[in-house]
Amino acid sequence: MTREPNFLESVSRNFDKAAGLTDLPKGLLAQIKACNSVYQMRFPVRVGNDYEVIEAYRVQHSHHRLPTKGGIRYSQKVTQNEVMALASLMTYKCAIVDVPFGGAKGGVKISPREYTPAQLQKITRRYTAELIRKNFIGPGIDVPAPDYGTGPREMAWILDTYRTFKGDEIDAAGCVTGKPVTQNGIQGRTEATGRGVYYSIREAMSHADDMKAIGLTPGIEGKTMAIQGMGNVGHYTATIAQKEGGAKIICVAEYEGAIYKEDGIDFDALVKHRKKTKSILDFPGATNMKSRKDVLTVKCDILVPAALEGQIHKGNAKQVKAKIIAEAANGPVTANAEEILLKKNVMIIPDMYCNAGGVTVSYFEWLKNLSHLRFGRMEKRFNQGKYNDLVNKIEEATGKTIGAKEKNFLTRGADEIDLVRSGLEETMVMAYDQIRLIKKRKKNVEDLRSAAFINALNKISSDYLSLGIFP
Ligand code: NAD
């Protein structure tokens with residue numbers, strides 16, 4: 001086996017493996033694989049009495065559809081290669097879930113924990129100003145969103161900075177997604193990636209024959225789950241899988257360590273415990289594990305790495321005991337590790353599908369911003385009236401009275417959150433069906449990642465071919 005590839009090399013190897021299973025022209029594949037624009041910047045920010053020179057990036061991987069789209073990461077580990085890998089994944093991700101964007105990603109090389117909110121605000125505003133200056137942001141150009149180390153707060157600062165420079169643009173609110181609901185955001189965006197991860201696991205586990213092949217019965221209910229990372233994605237994946245799917249979370253890891261509890265961890269209680277004690281360790285009834293890394297090799301049905309890339313590598317892949325790995329994070333399994341895991345018959349739900357719920361709901365937010373209209377505002381009352389008439393007619397025809405509580409439930413019109421969840425669920429279900437079908441039907445496709453890649457490549461190449469660039 002070759003040396004451990006870095007993140008970009010892993011993405012490249014996975015791309016080549018899938019591309020080799022298609023009959024698309026070589027030149028076209030090379031164009032799809034390449035990063036179109038890489039903007040590397042350095043800017044000064046005054047921190048305390050001194051100036052710090054901040055290193056940052058924005059990479060637009062593919063312009064086959066515009067705007068480009070992808071999150072902004074704040075981490076000390078940010079490199080140009082990492083941002084390029086993440087931007088490429090965004091292109092394939094958008095194609096897989098039929099979101100009409102090209103892929104992009106941003107990175108600022110800082111550890112957010114080491115700055116005050118006021119300093120982070122300064123850095124975010126300056127980064128945004130640099131993007132505006134080089135035409136790397138705008139509702140029709142490139143639309144950032146949250147990623148590791150950023151959230152709705154940073155997105156609100158980005159919008160405000162954009163408006164300062166481009167206040168006359170009527171669609172300015174669509175320059176960034178993942179904003180707070182009160183600042184032109186959308187209900188359900190914060191939970192979207194985790195909710196999407198849950199739907200992806202639910203779909204993968206709904207096929208009895210696929211589950212039999214890996215030694216599991218179908219369905220999430222009662223299955224054991226281990227989660228690495230309690231940030232945005234890990235948090236919502238865990239709470240939704242536990243409350244809506246009935247999963248049993250037996251192991252959780254965070255920066256400070258990992259805990260294990262055979263009969264299941266009440267995730268809400270763990271969040272409260274961490275808030276109070278600043279640590280997940282010493283959670284009542286649970287055992288502290290030796291190292292936070294132990295979460296990756298614990299015996300469980302579903303392992304959810306929701307922190308960073310490169311967590312499962314050739315050094316620990318043999319010790320993985322999970323039957324399913326749901327890649328909530330981007331690139332948590334290296335290409336070397338994947339070879340080992342596939343031989344061990346582990347099912348890997350690939351990142352570019354598994355965590356696509358975030359960009360799906362970002363797309364809904366962008367549409368809301370461009371239409372200047374909240375989803376559900378026009379039809380909610382109309383539908384409510386119709387359902388009411390229908391229930392009244394049923395009461396008349398049957399001579400029976402439906403109770404007030406049940407009547408309210410039956411006649412309720414859809415709110416924004418209902419429509420967002422419905423659109424997200426539909427997207428994740430449809431995308432899984434497409435990927436699974438490719439895996440079942442196409443010769444030599446043995447894993448879900450290759451099938452997902454092939455699905456993306458077919459869609460992206462049809463865009464290029466229809467432009468007549470590659471006859
Ligand atoms: P986040 O910053 O909200 O949370 C990450 C958490 O992981 C933090 O709490 C951190 O302390 C923890 N962590 C870091 N290293 C760890 C380790 N070695 N062991 C245990 N815990 C560790 O970030 P996030 O937004 O949840 O993103 C997590 C992953 O999901 C990233 O790979 C990101 O690219 C991907 N992702 C995020 C979104 C989104 O909408 N936020 C969308 C798609 C993909």
Side-chain angles (χ1 to χ4, degrees), residues 7 11 69-78 82-83 85-90 92-94 96-97 99 103 105-108 110-113 144-155 176-179 185-186 188-197 200 226-239 251-259 270-271 274-275 278-281 289 291-296 298 303-313 316 326-333 350-363 365 424 428:
F7 189 10
V11 175
K69 185 97 191 72
I72 297 177
R73 173 172 289 197
Y74 284 3
S75 156
Q76 198 55 59
K77 293 192 182 123
V78 161
E82 182 191 58
V83 186
L86 290 163
S88 333
L89 286 179
M90 283 307 298
Y92 312 128
K93 200 177 294 188
C94 289
I96 286 165
V97 288
V99 163
K105 205 81 181 189
V108 180
I110 54 163
S111 170
R113 286 165 225 253
D147 190 67
Y148 188 91
T150 60
R153 181 184 65 172
E154 286 74 15
M155 303 307 118
V176 62
T177 59
K179 304 177 291 288
I186 194 167
R189 172 60 184 91
T190 309
E191 63 163 31
T193 309
R195 177 166 289 279
V197 171
S200 78
I227 309 246
Q228 183 196 40
M230 278 174 74
N232 173 281
V233 181
H235 174 102
Y236 285 106
T237 302
T239 48
C251 183
V252 178
E254 244 304 327
Y255 230 83
E256 58 273 13
I259 58 164
L270 179 63
V271 171
R274 189 168 191 237
K275 221 175 186 170
K278 305 269 178 278
S279 170
I280 60 168
L281 297 176
M289 299 176 95
S291 151
R292 66 181 183 210
K293 289 183 187 156
D294 292 345
V295 68
L296 302 168
V298 79
L303 171 62
V304 183
L308 282 171
E309 61 268 14
Q311 298 300 302
I312 303 168
H313 42 78
N316 62 3
E327 291 189 324
N330 284 308
V333 175
D351 48 10
M352 60 178 105
Y353 161 65
C354 184
N355 66 37
V359 75
T360 302
V361 176
S362 273
Y363 168 47
E365 182 177 331
L424 173 59
M428 296 305 290

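Sequence positions, counted from 1, serve as the residue numbers for this chain. Just so you know, these numbers come straight off a predicted model, no measurement behind them. One-based numbering, in listed order, for ligands and for the atoms of each.
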[X], any N or O under 3.5 Å of ligand 1 N or O:
X	result
Lys105	no
Arg274	no
Val233	yes
Ala306	no

Q. Would you say the side-chain atoms of Ser88 and Lys105 include a donor-acceptor pair closer than 3.5 Å?
A. no

**Q.** Modelled atom types, side-chain donor and acceptor of Arg189 and Ser362, under 3.5 Å
**A.** yes

Q: Answer yes or no: is there an ion pair linking Glu82 with Arg73, defined by an N-O contact shorter than 4.0 Å?
A: yes

**Q.** Ala329 touching ligand 1 at heavy-atom level, < 4.0 angstrom
**A.** yes

Using heavy-atom distances only, which candidate in [options] approaches [atom] most closely?
atom	options	answer
atom 25 (O) of ligand 1	Asp147, Val295, Ile227, Leu86	Asp147
atom 9 (O) of ligand 1	Arg113, Met230, Glu254	Glu254
atom 38 (C) of ligand 1	Thr193, Ile280, Asn232	Thr193

Q: Check the pair Ser111, Lys77 against side chain to side chain donor-acceptor pair (under 3.5 Å), reporting the backbone distance first and the verdict last.
A: CA-CA 8 Å; Ser111 170; Lys77 293 192 182 123; over 6 Å; no

